[in-house]
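One structure is given here, and the rest of the page talks about it.
These values consider heavy atoms only, across backbone and side chains, with no hydrogens, waters or symmetry-generated copies.
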Amino acid sequence: MFSTKLVLFSLLVAAVACEELDFPPGFQFGAASAAYQVEGGWNASDKAENIWDRFVHDKPHFVADLANGDVACDSYHLWRRDIEMAAELGLHFYRFSIAWSRLLPNGFADKISEDGLNYYNNVIDGLLEKGIQPMVTLYHWDLPQSLQDLGGWTNPLIVDWFGDYARVVFSHFADRVKIWITINEPLSFCDGTYSYGTNAPGIYDPEVGTYLCNKNVLLAHAKAYRIYDKEFREMYQGELTLANHLMWYEPFTPEDEELTETARQYMVGRYSHAVYSKEGGWPPAVEQVVAELSKAKGYSESTLPAFTDEEIEFIRGTFDYYAVNHYTSQLTRTVDDGSPGLNVEYEIHPDWKPTQSSWFYVYPEGIRKQILWLRERYGDMKFIITENGYSSSIGLQDTERIEYYKEYLKQLLLGIKEDGLNITGYTAWTLMDNFEWTDGYNSRFGLYEVDFSSPERTRTPKASAEFYKNLIRHNSLSIYDEL
Ligand code: PNW
């Protein structure tokens, strides 16, 4: 009798634990890639040069091992295999990006490439045939070089150029693509380019360039959103937003909280506040920091370009969900040296495990805290994790990647179940090992390994691919673990 009760009790406990590890019914799982990182075919057919083609060819020393994306995973030719992999995993959706200069070789909408159209039509139709939804990013860092030559993201005219490009994309693909990301991680390419000079086109201009790019990116995103609203939404009922790179900042001590919040506004608010906040425009803390700095440097006015009231209204509210790209966190420590600007130092907690990427340490709780912060600042909305994944060296037995996915997904489950966060989907970065920007092919994030020395670019599932497949099939982590 006693032991029967005990068994029943244990079963009940196990069932509850199981349920806790279930994702809500209808939760969507996907995997992601980006054009320059996988396609190759850099000069195939009438594709024109983009800023990454130029950067890796002209300044090869910026990239580890002098690697480049000329061939990458050769997805330009091997897209059928990519779709087969997405189907093997049982993905609900596959996130990929369109190469602007493959579709519009001049950068402008005057000429549309037939081969470019065919390529993306093939990918979209091939996915849909397998019941996989395409999630499409319009811009994942590969600006046509012709537009860079006219100033690229620092030229305000890019708002119209991007709008024209977006209209071409929507007119040809929006009948089948229902979920869109306009621009991927502006922080990475505006700050990465102008504040650090390490991203294509490698122009270092931290005081002015970064903020011109920042403002134009927000306007360009809004332009694409407004075009969709006016010309396509009624017909196609899709969803759009931009995707932000979100590093979670945690105060080193409670005294560091105030400046940590300013750091969050600087790193996240600068690309979110204008779109998602009720009042729109720049975050006040950022206006103050940049104004102070500009004054100290002798500029006649702040180098953070002001928004007009019209621009604020134009950008405000241009989203249907919040796209979360999250990998890692940092500790923020106040450096009280009285100098103007944001006086913080960023550090890593000694308990956080390093990965193959220098910027990347493992802190699973960060993802939940980050999304809670977003909800608190901008209100309750739908969140989709559009990138999350782990960086390792080569190898098929990637148990650390599986561990990473488990721990971060558990935090998302806690966010959904305990905090009531409206998270509806999750995207693993990335489907297969690929060109990891300036890390070349050294940092590998793939569920599939790619043999970059074979002309066939052979793809082989890693242990994490099996894990992800089972997770999707059961819609639950319960088959692996308990909370
Ligand atoms: C993202 N950081 O970039 C990009 O969207 C992907 O193209 C990229 O492959 C992936 O994450 C992994 O790096 C990031 O310094 C670049 O914190 C840098 C950082 C984070 C994300």
Side-chain angles (χ1 to χ4, degrees), residues 35-36 47-55 58-59 97-112 137-170 181-227 242-244 270-271 274-275 281-282 286 290 294 299-315 318:
Y36 187 77
K47 178 183 166 292
E49 193 185 20
N50 65 42
I51 54 174
W52 270 91
D53 296 322
R54 175 69 64 92
F55 189 58
D58 277 16
K59 301 176 181 167
S97 80
I98 292 179
W100 189 338
S101 71
R102 192 182 296 290
L103 192 64
L104 302 181
N106 297 336
F108 298 109
D110 59 320
K111 183 183 163 206
I112 303 175
T137 311
L138 271 70
Y139 184 77
H140 203 123
W141 309 1
D142 46 358
L143 191 71
Q145 183 62 40
S146 58
L147 301 185
Q148 183 59 48
D149 294 342
L150 298 174
W153 287 104
T154 62
N155 185 339
L157 291 175
I158 198 160
V159 177
D160 291 329
W161 305 336
F162 185 70
D164 291 346
Y165 164 55
R167 184 180 288 104
V168 171
V169 172
F170 296 150
I181 289 168
T182 53
I183 296 176
N184 182 70
E185 291 190 4
L187 174 81
S188 302
F189 71 83
C190 288
D191 291 46
T193 296
Y194 297 102
S195 296
Y196 304 102
T198 51
N199 224 311
I203 299 169
Y204 181 71
D205 186 359
E207 285 160 23
V208 176
T210 305
Y211 304 121
L212 288 178
C213 180
N214 195 153
K215 179 179 175 183
N216 294 333
V217 143
L218 291 166
L219 284 164
H221 153 76
K223 182 85 182 182
Y225 187 93
R226 300 287 179 202
I227 288 173
L242 76 162
N244 274 319
R270 204 150 41 88
Y271 294 96
V275 177
W282 297 117
V286 172
V290 184
S294 307
Y299 290 96
S300 58
E301 55 185 54
S302 175
T303 59
L304 187 72
F307 286 115
T308 63
D309 289 349
E310 247 187 351
E311 287 171 336
I312 290 178
E313 280 315 299
F314 187 69
I315 301 172
T318 52

Enumerate donor-acceptor pairs with a distance under 3.5 Å from any side-chain N or O in residues 200-209 to protein atoms, sequence neighbours excluded.
unit_1 : atom_1 : unit_2 : atom_2 : d
E207   : OE1    : Y299   : OH     : 2.5
E207   : OE2    : K297   : NZ     : 3.1

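Between W282 and Y211, the distance from one ring center to the other does not fall under 6.0 angstrom. Aromatic pair F189/Y139: ring centres closer than 6.0 Å.
To the nearest 0.5 Å, atom CG of residue N199 and atom CD1 of residue I51 are 7.5 Å apart. Taking CD1 of I158 as the reference point, atom NZ of K223 lies at 13.5 Å (rounded to 0.5 Å). Distance CG/N214 to OG1/T154: 13.0 Å, rounded to 0.5 Å. One finds the CG atom of D110 at 10.0 Å from the CG atom of D164 (value rounded to the nearest 0.5 Å). Here the CD1 atom belonging to I315 is positioned 7.5 Å from the NZ atom belonging to K215, to the nearest 0.5 angstrom. D53 CG to L143 CG: the interatomic distance, rounded to the nearest 0.5 Å, is 11.5 Å.
Between W141 and W52, the closest side-chain pair of non-hydrogen atoms falls below 4.5 Å. Between Y194 and L212, every side-chain heavy-atom pair lies at or beyond the 4.5 Å cut-off. Counting heavy atoms from C-beta on, the side chains of V290 and R270 never come closer than 4.5 Å. Inter-residue side-chain proximity for L218 and V275 is flagged as met; some heavy-atom pair is nearer than 4.5 Å. Between Q148 and R54 there is no side-chain heavy-atom pair separated by less than 4.5 Å. The side-chain heavy atoms of I98 and Y165, taken from C-beta on, include a pair separated by under 4.5 Å. Residues T193 and C213 are not in side-chain contact: their nearest non-hydrogen atoms beyond the backbone lie 4.5 Å or more apart. The shortest side-chain heavy-atom distance between L157 and L150 does not fall under the 4.5 Å cut-off.
Note: H221 and Y225 have tilted aromatic rings, judged against thresholds of 30 and 60 degrees for the angle between ring planes.
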Chi angles and distances behind the side chain to side chain contact (heavy atoms under 4.5 Å, CB included) call for T210, Y196: CA-CA 9 Å; T210 305; Y196 304 102; over 6 Å; no

Working for side chain to side chain contact (heavy atoms under 4.5 Å, CB included), residues Y36 and H140: CA-CA 8 Å; Y36 187 77; H140 203 123; over 6 Å; no

Q145 vs N50, side chain to side chain contact (heavy atoms under 4.5 Å, CB included): CA-CA, chis, key distance, verdict: CA-CA 4 Å; Q145 183 62 40; N50 65 42; 5.7 Å; no

Pair W153-L147, side chain to side chain contact (heavy atoms under 4.5 Å, CB included): steps then yes or no: CA-CA 9 Å; W153 287 104; L147 301 185; over 6 Å; no

Residues D142, K47; criterion salt bridge (charged side-chain N to carboxylate O under 4.0 Å, His left out); working and verdict: CA-CA 12 Å; D142 46 358; K47 178 183 166 292; over 6 Å; no

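At most 12 heavy atoms of other shown residues, nucleotides or ligands fall within 6.0 angstrom of atom CG in D309.
The two residues F314 and L219 make their nearest non-hydrogen contact at CE2-O, 3.9 Å. Contact between A48 and S101 at its shortest, heavy atoms only, is O-OG, 2.7 Å. Among all heavy-atom pairs drawn from G152 and W161, the shortest one is O-CZ3, 4.4 Å. The shortest non-hydrogen separation linking E313 to R226 is O-NH2, 3.1 Å. In terms of heavy atoms, C190 sits closest to Y271 at CB-OH, 3.2 Å. For A224 against T182, the heavy-atom pair with the smallest separation is CB-CG2, 4.0 Å.
Exactly one residue among P156, P186, P305 makes a side chain to side chain contact (heavy atoms under 4.5 Å, CB included) with N216. That residue is P156.
Judged by distance alone, the side chain of T137 and the main-chain N or O of I181 form no donor-acceptor pair under 3.5 Å.
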